[in-house]
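Written out below as structure tokens is the structure these notes cover.
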Amino acid sequence: MSRDPLKGAMAAPGPVYDADAPFLELLARGAAAEAYDRPVLLARAEGGSGERIAALEHAKLLALRVRSELEGRRRREAELSALFETAHDLAGPRDVDAVLQAIVQRARSLLGTDIAYLSLHDPARGDTYMRVTEGSVAARFQQLRLGMGEGLGGLVAQTARPYVTDDYFRDDRFRHTTTIDAGVHDEGLVAILGVPLMLGPHVIGVLFAADRRARVFEREQIALLGSFAALAAAAIDTANLLTETRSALAGLERANEIIQDRSAVIERASDVHDRLAELVLRGGGVHDVAAAVSQVLDGTVEFLESAPAAAVETSRAEGHAVRHQQDWIAAVAAGGELLGALVLRGHPGLDPVDQRTLERAAMVTSLLLLARRSAAEAEQRVRGELLDDLIEARDRDPRLLRERAARLHADLDATHVVLAARLDAAAPDADQEAAARRRLWSAASHLAATRHGLAAARDGGTVLLLPLQHGDTATELARSTALHLGTAVHEAVTVGASAPVRGLAADPDRVVAAYAEGRRCLDALRLLGRSGDGAAAEDFGFLGLLLAGDRDVSGFVDRTIGRVVAYDERRGTDLLRTLDAYFTSGMSPARTKDELHVHVNTVAQRLERVGRLLGDDWQSPARALEIQLALRLRRLATAAPH
């Protein structure tokens, strides 16, 4: 007789952590999201305690978050793997039809659409035709030929930009025709996404993904289909290049010499393709790609984030490497975003195949940069989520908090400072302000990662949790952070810091209080006109009492007159009483000696000793005000009943 493991887990009494067991089992076997309600329902049906049900509800939410994160990572890994596999296909001598079929199949699978298809321009007839379809069931649709400018594909071809419609027949942005609408109707399509296949500035076709129901295509899905379109165009371009080469060879009398010459060039191209594929598979970086291409092309290749603007723009627009003085430049771009350029130094004469090699290397470089960015953004999100949980005190399990922090190389048992950072310059519009905040968050996340801390976007700015190094102060950390972030975003960044805090995993409320203290310091800096600076509560003298989260009265008194108190206790002197009488008498030595019933020289000697202990500026208005406040606070504290 079999026993339900979930039901058994509900029935057996045990410690609180048993609530995680059924959800771990569901995660392990990849159960659907609906299955995560079952342990809670079973507990309620069996009359479980409120504490047990609350623990299960909490564990369920955590498990669903983990499941969502795992699904997102698996999806991103599948997308990158498909792109890498397709790029690897281009490096081998596969038939272009097989490559295009693989691209369409992978696009349909990863986007989860009912159908994917690819149309190409027919220069001879002046229209476009279906080259590859996947998931199509209508013969008329598979045989469609579209005139230029007709249908959604015509709009994509005319503008050379992606277009998407969530309801094809109600969309009037493009010209409908009877033939096209009939084919789309036979196929039952509703939502359609189309991206252009570009060779330089020319559109040679369109790659589509479509559903037979209403659907909204996300920006990431549009970018992914655009990447597949770039690879499809590369495959077609390669096929065209091979066709042109074969035609040229057929018409040349010195075929044998040309074949031998081209063979050496193609061998070099094959060598670099193999090297690039190996680099991608073993997780190499952009500089590894540049080094590999340098060896094959017998030159110096560098990846630069900033290269001659005109040449880079021409390369991106034409889709080819371009010559710039004695160098060759290939733009590294993805989805319309310019990421940098590969520059081949001192090699003015370049074989066309070697030029293609440089261009393929630029494409692989863009894929590696996108992969690196995706990984970095995922880590930044995880760091931000942990800090959000600490600030909102949503997860009070110290063991779980420490484990999550350890995976990010952070130690919540170390001494930390909470810093609130904000940009000072006002943006002209909402879009530019959002972009500036994203830059600030990105810079803060990078700083947190390098310092083994955490960072999150919050309250119109950024909050950081950074460990305090030995010998540093909260003030020094606030100022260095303001300088670092300001340099990174090229704008003034103001930073307010909390006092150092410890034991964050055991008591997340300390993070909440420290964040509030940091924000008060930030607001004080801005009110005082100290934009672009950093400070902690201790920098504001007695005003720090108002800014500090725990109102550290004893700390303020000790910092202000602690040396005088210690001297009196150690020597049995009466400096503190003399100091109090001096201020009470309006800072008049003559009236002070009457108050204390001592000689005026005695008063002068005592005040001279106070000056040595507190510094020469102790009678300045600002210091005198703080000293008087410290004396009054100490008097009130010692007079309080115990």
Compare all side-chain heavy atoms of Leu522 with those of Val495 and state whether any distance is below 4.5 angstrom.
-> no
Could you go step by step and tell me if Glu57 and Arg44 meet the salt bridge (charged side-chain N to carboxylate O under 4.0 Å, His left out) rule?
-> CA-CA 11 Å; Glu57 287 282 5; Arg44 287 176 175 160; 3.0 Å; yes
Is there a side-chain contact between Leu464 and Leu454, using heavy atoms and a 4.5 Å cut-off?
-> no
Mind checking whether Leu468 and Thr473 have side chains closer than 4.5 Å, heavy atoms only?
-> no
Mark yes or no for whether Ser585, through its side chain, and Ala581, through its backbone, hold a donor-acceptor pair below 3.5 Å.
-> yes
Does Arg570 CZ have over 12 foreign heavy atoms under 6.0 Å away?
-> yes
CZ-CG distance between Arg563 and Asp558, expressed to the nearest 0.5 angstrom | 11.0 Å
Could you check Arg612 against Glu608 for salt bridge (charged side-chain N to carboxylate O under 4.0 Å, His left out), going step by step and ending with a plain yes or no?
-> CA-CA 6 Å; Arg612 291 200 195 103; Glu608 181 183 359; 2.9 Å; yes
Given Leu613 and Leu575, is the side chain to side chain contact (heavy atoms under 4.5 Å, CB included) satisfied, shown in steps?
-> CA-CA 10 Å; Leu613 293 172; Leu575 297 183; 3.8 Å; yes
Separation of Gln221 CD from Leu193 CG (nearest 0.5 Å) = 8.5 Å
Quick one: closest heavy-atom pair of Gly453 and Pro467, and the distance?
-> CA-CD, 4.2 Å
For Pro22 and Leu56, the nearest pair of non-hydrogen atoms, with its separation, is CG-CD2, 4.4 Å
More than 12 heavy atoms of other groups within 6.0 Å of Asp616 CG | no
Would Leu485 and Val489 satisfy side chain to side chain contact (heavy atoms under 4.5 Å, CB included), going step by step from the backbone distance to the final call?
-> CA-CA 6 Å; Leu485 296 180; Val489 302; 5.5 Å; no
Would you name the heavy atoms of Ser498 and Val417 that are closest together and state the gap between them?
-> O-CG1, 3.5 Å
Could you state the interatomic distance from CG (Asp533) to SG (Cys521), rounded to the nearest 0.5 Å?
-> 11.5 Å
Tyr582 and Thr592 have their tightest heavy-atom pair at CA-OG1, 3.4 Å
Kindly indicate, with the supporting measurements, whether the criterion side-chain hydrogen bond (donor to acceptor under 3.5 Å, both in side chains) is fulfilled by Thr415 and Arg502.
-> CA-CA 5 Å; Thr415 301; Arg502 291 180 59 87; 2.8 Å; yes
With side chains defined as the heavy atoms from C-beta onward, is the minimum distance between Leu419 and Val463 less than 4.5 Å?
-> no
Should Arg422 and Arg519 count as side-chain neighbours, where that means a heavy-atom distance under 4.5 Å?
-> yes
Stepwise side chain to side chain contact (heavy atoms under 4.5 Å, CB included) check, Val501 with Val511 | CA-CA 8 Å; Val501 289; Val511 183; 6.0 Å; no
Return the minimal non-hydrogen interatomic distance between Thr475 and Ala536, and the atom names on each side.
-> OG1-CB, 3.9 Å
Val343 to Ile329 - nearest heavy-atom pair and separation = CG2-CG1, 4.1 Å
Derivation of the side-chain hydrogen bond (donor to acceptor under 3.5 Å, both in side chains) call for Arg606 and Thr578 | CA-CA 7 Å; Arg606 291 179 182 179; Thr578 301; 2.9 Å; yes
Counting distance only, does the side-chain N/O of Asp424 pair as donor-acceptor with the main-chain N or O of Gly532 below 3.5 Å?
-> yes
Heavy-atom side-chain proximity of Asp472 to Leu477 below 4.5 angstrom = no
Is there a donor-acceptor pair closer than 3.5 Å between any side-chain N or O of Asp413 and the backbone N or O of Gly503?
-> no
Between the side chain of Arg530 and the main-chain N/O of Leu525, is any donor-acceptor distance below 3.5 Å?
-> no
Is a side-chain N or O of Ser442 found less than 3.5 angstrom from the main chain of Arg438, in a donor-acceptor match?
-> no
Side-chain contact, heavy-atom cut-off 4.5 Å: Asp429 with Gln432?
-> yes
One should read off an interatomic distance between Leu440 CG and Leu423 CG, to the nearest 0.5 angstrom, of 4.5 Å
Are the charged groups of Asp580 and Arg577 less than 4.0 angstrom apart, N to O?
-> no
Describe, in one word, how the ring planes of Phe583 and Trp618 are oriented to each other, choosing from parallel (under 30°), tilted (30 to 60°) and perpendicular (over 60°).
-> perpendicular
Begin with the C-alpha distance, continue with both residues' side-chain angles, and end with the deciding distance and a verdict on salt bridge (charged side-chain N to carboxylate O under 4.0 Å, His left out) for Asp594 and Arg591.
-> CA-CA 5 Å; Asp594 293 337; Arg591 288 197 293 270; over 6 Å; no
Main-chain N/O of Ala414 paired with His416 side-chain donor or acceptor, under 3.5 Å = yes
Measuring from Arg451:CZ to Thr481:OG1, what's the distance to the nearest 0.5 Å?
-> 6.5 Å
Looking only at atom types and distance, does a side-chain atom of Ser227 sit under 3.5 Å from a main-chain N or O of Ala223, one as donor and one as acceptor?
-> yes
Given side chain to side chain contact (heavy atoms under 4.5 Å, CB included), test Leu465 with Leu412 step by step and report yes or no.
-> CA-CA 10 Å; Leu465 179 69; Leu412 295 184; 4.3 Å; yes
Mind checking whether Glu491 and Arg439 have side chains closer than 4.5 Å, heavy atoms only?
-> yes
Taking Asp166 for the side chain and Ala214 for the main chain, is one N or O donor matched with an acceptor at less than 3.5 Å?
-> no
To the nearest 0.5 angstrom, please state how far the CG atom of Leu631 sits from the CG atom of Leu576.
-> 5.5 Å
